[in-house]
Amino acid sequence: MADTQTVETEPEKQPKSVRVVLLALMITMMLAMLDNMIVGTAMPTIVGDLGGLEHLSWVVTAYTLATAAATPIWGKLGDMYGRKGAFMASIVIFLIGSALSGMAQNMGQLIGFRAVQGLGAGGLMVGVMAIIGDLIPPRERGKYQGMMAGVMALAMIGGPLVGGTITDNWGWRWSFYINLPLGVIALAAISAVLHLPKKRAKAGIDYLGVVLLTVGITSIVLVTTWGGTEYAWTSARIMELIGIGVASLIGFVFWQTRAAEPIVPLHIFRSRNFTLMSVIGFITGFVMFGATLFLPLYQQSVQGASATNSGLLLLPMLGAMLVTSMVAGRITTNTGKYKVFPVVGSVLMVVGLYLLSTMDTGTSRFVSGVFMAVVGLGMGCLMQITMLVAQNSVEMKDMGVASSSTTLFRTLGSSFGVAIMGALFNHRVQDVMAERAGSLGSKITEQSAQLDAASLAKLPAAAREAYQHAVSAGTHSAFLLGAVVAVTALIAAVFVKEVPLKGAGPQKPGEEPTAVTPPVVEAV
């Protein structure tokens, strides 16, 4: 009741401020999505300056681990102590990590500072989605979450281009410093104009739950990152990590049934729709990040695109995803219906991935662009609808953990997707190279199955042709696996129950949704 009263006493402030809040949220979302894209482009220059090539993967892994482990914690902190304070704290930590990363003098420092940055990043996307959930009724929420999906797509398109431009003209340190002015603008806007109910939970933080969940998630991410690359899948180190991860997660689930204020309240999984959306989110992450990893490789190795052009050649997929997310949000807002999108999106994703698996050395850029557009249409139907339905399936007090859990499942899906599809791709490339180029082929791919443009240009013509066939075979296997996995999302989507969106339909003057809806409409 207190929450409702707080929202209703501030309707005068929100009409003037909501557009500024939404702009600040979009900037924050851009920070969360853009960082890895920019840094990935700058990595060769960073290694050239700092050295430590053998630790290169940890620059990304440290950030990913910290983000995944912190995600559910930020969601719960927002539910317990107030969304605004938790969100601003996550931005501050992210900016501190960015500044320190830009000042790093060696690879060890960079890895540590990237972990700090990742701790803050864990709260960025969760905070954005949960604040939208607080401000806007589900009936209106679809179009704004569609806008956020558009920001994600733009970040994926523009990240490599921005990263290359910054590195070439300003130096790699500015790939981190660029976050600071944007983050300060977002902080100032949120501090000044975001008005949410203040909360104070009597129960303390579930520290044991935090430790168990962090250890479990860290073990899973390390298994998917190291398995088949740093260590063999059957090695003692991987088996130990699997054992630690399984034991920690079992202990976590057991403890959550007894904790006074659990980090992830298990009762939210009693909602069929929430559980199904978690599954669909996992599969979407699995497919999306696998596709964005292997498509540029195929385009550069087989179709002869430059590194910059391969990013632009992803436009059919990312553009389709952007447009579909916006359209799906609008239709959901206008009709209140949403089940059609997970079903249609899953079908398009399965079909698109199968089409991508049929590409070979003779596939034109136009044809591959059409196939990518089909996958993009599917992902656009799923990206934000999963978050919308998940939030609609829980009570307002659990909005943060619902948002963070959905984000976490998508993050874990991306880790599994990159690892499993990557292992399959590498194995297939090495087999085909051995078949077509004999001992020379095995030697070429001994260190890595992914060659850059410079290495590829140095190969003899016969070896280069063999590698093109090998990459084509590798992408075939990876995308075929993705299509099979995506069938799971389709099965889950079929069982989604169309529950009326909260706040849908005409509102009476005194109802809570009316207090927040008018400024949102004005923002359009």
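With Trp74 as the fixed residue, the side chain to side chain contact (heavy atoms under 4.5 Å, CB included) test singles out one of Thr407, Ile93, Leu124: Ile93. Each of Val246, Thr218, Ile220, Val223 was checked for a side chain to side chain contact (heavy atoms under 4.5 Å, CB included) with Leu241, and the lone residue meeting it is Val223.
Gln117 and Ser98 form a side-chain donor-acceptor contact under 3.5 Å, judged by distance and modelled atom types alone. His267 and Asp398 form a side-chain donor-acceptor contact under 3.5 Å, judged by distance and modelled atom types alone. There is no side-chain donor-acceptor pair under 3.5 Å between Arg272 and Ser393.
Residues meeting the side-chain contact (heavy atoms from CB on, under 4.5 Å) test with Val211, sequence neighbours left out: Val215. Shown here are the ring-ring contact (aromatic ring centres under 6.0 Å, His included) partners of Phe274, two or more places apart in sequence or in another chain: Phe269. Taking Leu408 as the reference, Ala68, Thr71, Pro72, Ile217, Leu412 meet the side-chain contact (heavy atoms from CB on, under 4.5 Å) condition, with sequence neighbours excluded.
Shown here for Gly209 and Ile263, the closest heavy-atom pair between the two residues is C-CG1, 4.4 Å. Listed here is the closest heavy atom pair of Met129 and Ser403: C-OG, 4.1 Å. Contact between Ala489 and Ile280 at its shortest, heavy atoms only, is O-CG1, 3.9 Å.
Residues Phe416 and Phe282 place their aromatic rings such that the two centres sit under 6.0 Å apart.
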